[in-house]
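The structure appears right after this line, and notes come after that.
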Amino acid sequence: MGRGALLNLRGLGQSLMMLAEATVFLPMTLGRRQRSEVFTQLYVTGIKSLGVITIVAAFTGMILALQTGLELRRFGLQQNIGTAVTVVMLREMGPFMTALIVAASVGSAIAAQVGTMVVSEEISALEIMSINPVRFLVTPRLLALALMMPILTIYTNILGIAGGALVGATQLQVSFQAYIDNAQLYAENKDLYVGLLKAFVFGIVIATTACHQGFIATEGAVGVGQATRRTVIIAFLVILVLGYMLTRLFYR
Amino acid sequence: MIRFENVTKRLGSRNVLDGFDMEVKVGEALVICGPSGMGKSVTLKHMVRLLTPDSGRVMVGDDCVSEARGRELERIRSRFGVLFQSGALLQWLSAGENVALPLREHTNMSDTEIERLAREKLRMVELEDAFDRAPSDLSGGMRKRVALARAIVTNPEIVLYDEPTSGLDPVTSRTVDELIDHLRKQLGITSVVVTHDLHSALAIGDRIAMLHNGKAVEVSAPAEFINSKNEVVRGFLEAQYITRRGPWEEGLQK
Ligand SMILES: Nc1ncnc2c1ncn2[C@@H]1O[C@H](COP(=O)(O)OP(=O)(O)OP(=O)(O)O)[C@@H](O)[C@H]1O
Ligand SMILES: [Mg+2]
C-alpha cells in the first residue's frame, strides 16, 4: 500500500516534469516542420471521438431534461428546465462527458501508440537520432488535446442543450422558444467560460497521463495493454477530482 | 574508435556485461557473435548510450560516451547510424519519410533535396519502389532494409548493425552483406555487426568477437577464428556446420 502510494507520487512527479518539458517545446512545435503534426493530431482527436460524443451529448441533455423536468413538474415549474439543462451542461456535464469520452478513445490510443513505440525500440531510435521524444510526440498531442477539448465541449454543449429542448417540447410541454428564453435568462457567460477552462485542463490531463503511461510501458503486449488501461482509469479519476476542485474554485 | 573499458552492466538478476573489454578499430568491420540473450544488443546499446554502464566506461574516439550529457551526447550520437534489431521504423510515416526523418530534423536542406537523398539510400537497399508504402505493408526483411537506409542516410562515421540479415532470404542476405562491405570499403565507415550467421561474419568481418558470460572470450580475424581452440567458439562453429549439412540429413539420422 505504502509502496503503491510512493509509486503514484513518483508517477505524478514524472508526469509533471514531462508536461513542463513539453511546454518548453511549444514554440518550436509551432514552427514550419512540426506544425503539420499538430494538425494531424487535431484531426485525429476530433474524428476519433466525434461519433460517440454526438450520441452521449444528446442523451446527456435529454436525461437531464427528463429527470429535472419530471421533478420540477410536480411544483409546476417545468418551464425552468431550460436553465437547469443549460447551466449543468455548460458548467459540468459538457466538459466532463467530453473528457471521459476523449480519455477513453483518444487517450487510450495515444498510450497504446507511445507504449508500442517504447517496446519496439522506436523511442530508442528517436533518441539516437537526437530527436527528443517529448518534443516529437508529447508536445503535438498535448497541444492538440488542449485545443480540441474546448472545441469538442462546445459541440457537446450545443447537442446537450438541443437534446434537452427536444425532450422539453415532446414530453414536458415546454415549447422550444420558452426553453431558450428561460435558458438565456439565467445562464451566464461565466458558466460557459468555466466549462471551457475545465475542458482545456482536462485535455492537458489526458495528454499527459496517456503519454506518461505510454513511456513507462514495459516489454510486450501485456505492458501496452496495461498502459492503456491505466491511462483510462487515472485520467477518469483525475478529471473527476480536478473537476470538483475547479467547480469549488469558481462557485462558492 | 570504440573502446569498452572494464564495463559491467547488471540487467534483471545477472551481469549481462561483466568486466567487458573490447575495442573496435577505425575503419574496420567488427562482427559480434554469441548465443541469444548473451548481451550482443546490450553491447551495441552501450555504444550510443541507450544503456549506461554500472561501472567501467565506453569511449568513442576521445569522447567518453558513457559520461556525456546534453549537447555533447547529441554530438557523439550524430557520429553513429544504428540499425535496430526490430527495425524500429515509425509506423505512421511512410518508408521514404522514415528514411528522410534524420535529415528533416537536423538539416536545413530543401524538401526536394531531402527526398532525393532518401530515394538514393532506398535504392541502395533495392527498395526504391517502397518509398510511399507504410512500414506495416512491408515484410519483415523489407522493413529491416528500410531501417538500414535510415541508419546510413546522414552518412555517419560509424554504423551499428543489429542482426541485419536475420529474417532475410539468403539472396537478400548476401545483398545486405555486400552493402555493408561496400559502405565500409568505399566510404571508410567503421562497422559493428551483430549476427548469428557465421557465413556473413566470415565474409564481412575483419575481426570476429565471441561474447560469452559477459566477456569477449575471443576476438580474432576470420582465419584464426575458424581455428580457435576456445570451447564456446568451437561449439558455435560446429552448430553452424551441422545446420549447413541440412535438416534432411538430421532427419535421416533419427
Ligand atoms: N532493458 C532490459 N531490462 C532487463 N533486462 C534486459 C534488458 N535488456 C536486455 N536485458 C537482458 O539482457 C540479456 C541480454 O540481452 P540482449 O538483448 O543483449 O541479447 P542478445 O545477445 O542481443 O540476444 P538476441 O540474439 O536474442 O538478440 C538478456 O538476458 C535480456 O533478458
Ligand atoms: Mg539482440
Side-chain angles (χ1 to χ4, degrees), chain A residues 21 24-25 28-45 47-48 106 109-141 144 210-211 214-215 217-221 223-224 227, chain B residues 11-12 41-42 44-51 65 68 70-93 97-111 114 135-136 140 143 146-147 150-151 153-154 156 158-160 162-163:
Chain A
E21 198 183 344
V24 171
F25 287 119
M28 213 191 246
T29 305
L30 294 171
R32 183 167 67 94
R33 282 192 171 151
Q34 285 255 287
R35 214 179 303 158
S36 68
E37 176 65 10
V38 178
F39 283 118
T40 311
Q41 290 304 325
L42 278 171
Y43 176 76
V44 169
T45 307
I47 291 298
K48 270 216 183 98
V106 182
I110 291 177
Q113 189 190 25
V114 176
T116 307
M117 290 185 72
V118 170
V119 302
S120 64
E121 298 183 310
E122 286 168 53
I123 301 289
S124 299
L126 288 178
E127 276 177 26
I128 65 111
M129 289 189 274
S130 293
I131 299 173
N132 186 315
V134 172
R135 167 176 70 77
F136 195 74
L137 298 169
V138 181
T139 308
R141 283 162 182 74
C211 291
F215 277 128
T218 46
E219 208 65 35
V224 176
Chain B
L11 283 168
S41 299
V42 167
L44 288 192
K45 284 176 185 165
H46 274 87
M47 298 181 188
V48 282
R49 189 61 180 286
L50 287 172
L51 290 171
V65 69
R71 294 252 173 249
E72 166 83 354
L73 183 58
E74 280 189 16
R75 189 180 56 74
I76 301 175
R77 279 176 172 166
S78 72
R79 302 170 67 179
F80 284 89
V82 182
L83 168 61
F84 284 86
Q85 189 164 356
S86 58
L89 299 174
L90 303 184
Q91 295 302 313
W92 71 91
L93 297 180
E97 286 167 335
N98 264 290
V99 178
L101 186 65
L103 298 176
R104 230 177 259 296
E105 289 287 325
H106 293 301
T107 67
N108 292 321
M109 290 179 202
S110 68
D111 287 354
I114 288 174
S136 52
R143 265 177 244 165
V146 174
R150 183 180 66 183
V153 76
T154 52
I158 310 160
V159 181
L160 312 180
D162 199 344
E163 307 200 5

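Atoms considered below: every heavy atom in the structure, side chains included; atoms not considered: hydrogens, waters and symmetry mates. Labels below follow one simple rule: chain letters A, B, ... track the order of the sequence lines, proteins then strands, and each chain is numbered from 1.
Here the CD-CH2 distance, from E37(A) to W92(B), works out to 6.5 Å after rounding to the nearest 0.5 Å. In this structure, CZ on R104(B) lies 11.0 Å from CD1 on I131(A), to the nearest 0.5 angstrom.
Taking a cutoff of 4.0 Å between a charged side-chain nitrogen and a carboxylate oxygen, E121(A) and K45(B) qualify as a salt bridge.
Neither the backbone nor the side chain of I123(A) comes within contact range of chain B, judged by heavy atoms closer than 4.5 Å. Both the backbone and the side chain of L90(B) come within less than 4.5 Å of a heavy atom of chain A. For L73(B), no part sits under 4.5 Å from any heavy atom of chain A, backbone or side chain.
With a 4.5 Å cut-off on side-chain heavy atoms, F84(B) and I128(A) count as touching.
Under the side-chain contact (heavy atoms from CB on, under 4.5 Å) rule, M129(A) has a single partner from R77(B), E74(B), R150(B), which is R150(B).
Closest approach of E122(A) to L89(B), counting heavy atoms only: CD-O, 3.1 Å.
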Checking L101(B) against F136(A) for the side chain to side chain contact (heavy atoms under 4.5 Å, CB included) test, could you report, in this order, the C-alpha distance in whole Å, the side-chain angles of both residues, the deciding distance, and whether it holds?
CA-CA 11 Å; L101(B) 186 65; F136(A) 195 74; 4.0 Å; yes

